[in-house]
Amino acid sequence: MSKLNLRGIAYPALGVVLFVALWQAYVEIFHVAPVILPTPVQIAQAFADNRHALLSQGWVTLQECVYGFGLAFAAGVPIAFIIANSPILSQMLYPLLIAMQSVPKVAMAPIILVWLGTGIASKLALVWLVAFFPIVVDTATGLRITQTSLLELAISLRATRMQIFTKIQIPAALPHILSGAKIAVTLAVIGAVIGEFVGSSEGLGNLLLAANSQLNTPLAFAALISLAVLGLGLYAVVAAIEAALSPWLPHTGTA
């Protein structure tokens, strides 16, 4: 392992350890009640006592995130292609996309709940809504910056529109597609939790609400940390895919 990779692991770990130590010291010194702010030790105990519930409910939320993100990606890339290649459709669709993104998803959740019920469909719809926009925008941006000379060469060789899309535009836009995917996959967790808050009997969001209603703050923090770990894990998966594709990615300097 190189020195750079070692630092990339050691420094974040050191930051977490310092933060947890300061948190523990603050609660103990100022005698903060556990119902207001539990100590990291109390939260760790809540993890141990409720590990089966956290795992089972975390699995539900993970499924909602993955399926909803997959739907957003499957729909977002073709729509981005349409927007990038048709100025007329771009002018027609972009205002609708911006308007849809501007509406708070918490405000839309009760309506979606009425439409789709309390099952997984309403959660998938909310995940799709929050993950869709960054995928479309970043993919469209990547498709638009494809070198004109490559497109002109493909047209001169009588390549079809689909061949141009799959063999030239998609490879050139991959850094932007992956960048949008990394943003969207973390937002997917937010969409799933919103759906679980509004109407659900399972998932980490529902567990968090139940813990709050019982004034079980350590368990509520355990659920919050589980959501953070879930988001980090999903982000890491997309980052790993990006790393695996790095030999074929153009050097654009994207995150």
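Values below: all heavy atoms of this structure, side chains included; hydrogens, waters and symmetry mates excluded.
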Checklist entry - Side chain of S122, backbone of G119: donor and acceptor closer than 3.5 Å? => result yes
Item to check | Polar side-chain atom of Q57 near backbone of L204 as donor-acceptor pair, under 3.5 Å | outcome: no
Checklist entry - Roughly how far, to the nearest 0.5 Å, is the CG atom of L207 from the CD atom of E202? => result 11.5 Å
Checklist entry - Would a 4.5 Å heavy-atom cut-off, applied to side chains only, mark V127 and L71 as touching? => result no
Checklist entry - Going through the distances and angles, do I83 and V137 end up as a side-chain contact (heavy atoms from CB on, under 4.5 Å)? => result CA-CA 9 Å; I83 290 174; V137 171; over 6 Å; no
Checklist entry - Can you tell if the side chain of K123 reaches within under 4.5 Å of the side chain of Q63, non-hydrogen atoms only? => result no
Next on the checklist: If we ignore hydrogens and angles and just use 3.5 Å, is the side chain of R144 paired with the main-chain N or O of T141 as donor and acceptor?
Outcome noted: no
Checklist entry - Rounded to the nearest 0.5 Å, what separation is found between the CG atom of L219 and the CG atom of L208? => result 8.5 Å
Checklist entry - Just by modelled atom types, is the T39 backbone N or O under 3.5 Å from a matching donor or acceptor in the Q42 side chain? => result yes
Checklist outcome for this item: In terms of heavy-atom contacts, L143 and I170 come closest through CD2-N, 4.3 Å
Checklist entry - Which distance, rounded to the nearest 0.5 Å, do you find between the CD of Q163 and the CD1 of I155? => result 12.5 Å
Next on the checklist: I need the minimum non-hydrogen distance between T61 and G203, along with the two atoms involved.
Outcome noted: OG1-CA, 3.5 Å
Checklist entry - So, do F81 and V77 sit near enough that their side-chain heavy atoms are less than 4.5 Å apart? => result no
Checklist entry - What heavy-atom pair brings A72 and A131 nearest, and what distance separates the two atoms? => result CB-CB, 3.8 Å
Checklist entry - Would you say L113 and T118 make side-chain contact, with heavy atoms under 4.5 Å? => result yes
Checklist outcome for this item: Taken to the nearest 0.5 Å, the spacing of L224 CG from N212 CG works out to 8.0 Å
Next on the checklist: Less than 6.0 angstrom separating the ring centers of F221 and W23, yes or no?
Outcome noted: yes
Item to check | Side chains of F133 and L187 in contact at under 4.5 Å (non-hydrogen atoms) | outcome: no
Checklist entry - Under 6.0 Å from the OH atom of Y94, do we count more than 12 heavy atoms belonging to anything else shown? => result yes
Next on the checklist: Can you tell me which residue among V106, L209, N206, L126 is in a side-chain contact (heavy atoms from CB on, under 4.5 Å) with F197?
Outcome noted: L209
Item to check | E196 vs E64 side-chain heavy atoms within contact, under 4.5 Å | outcome: yes
Next on the checklist: Can you give me the closest heavy-atom contact between G142 and A173, atom names plus distance?
Outcome noted: C-CB, 3.4 Å
Checklist entry - Under 3.5 Å, is there a donor-acceptor pair between the side chain of S246 and the main chain of A243? => result yes
Checklist entry - Is the number of heavy atoms from other residues, nucleotides or ligands under 6.0 Å of M100 CE greater than 12? => result yes
Item to check | Atom pair CD1 (I82) and OG (S90), whose distance is rounded to the nearest 0.5 Å | outcome: 11.0 Å
Checklist entry - Does any N or O in the side chain of S213 come within less than 3.5 Å of the main-chain N or O of A210, such that one atom is a donor and the other an acceptor? => result yes
Next on the checklist: For F47, I'd like to know if atom CZ has over 12 heavy atoms of other residues, nucleotides or ligands within 6.0 Å.
Outcome noted: yes
Checklist entry - Hey, is the main chain of I98 close enough, under 3.5 Å, to the side chain of S102 for a donor-acceptor pair? => result yes
Item to check | Closest non-hydrogen atom pair, A109 against V198 | outcome: CB-CG2, 3.4 Å
Checklist outcome for this item: Correct closest heavy-atom pair for A192 and C65 would be CB-SG, 3.8 Å
Next on the checklist: Any heavy-atom pair between the side chains of Q169 and N85 that's under 4.5 Å?
Outcome noted: yes
Checklist entry - Is any side-chain heavy atom of F69 closer than 4.5 Å to a side-chain heavy atom of I135? => result yes
Next on the checklist: Tell me whether I88 at atom CD1 has more than 12 heavy atoms from other residues, nucleotides or ligands lying less than 6.0 Å away.
Outcome noted: no
Checklist entry - Taking atom CG of D138 and atom CD1 of I177, what is their separation to the nearest 0.5 Å? => result 9.5 Å
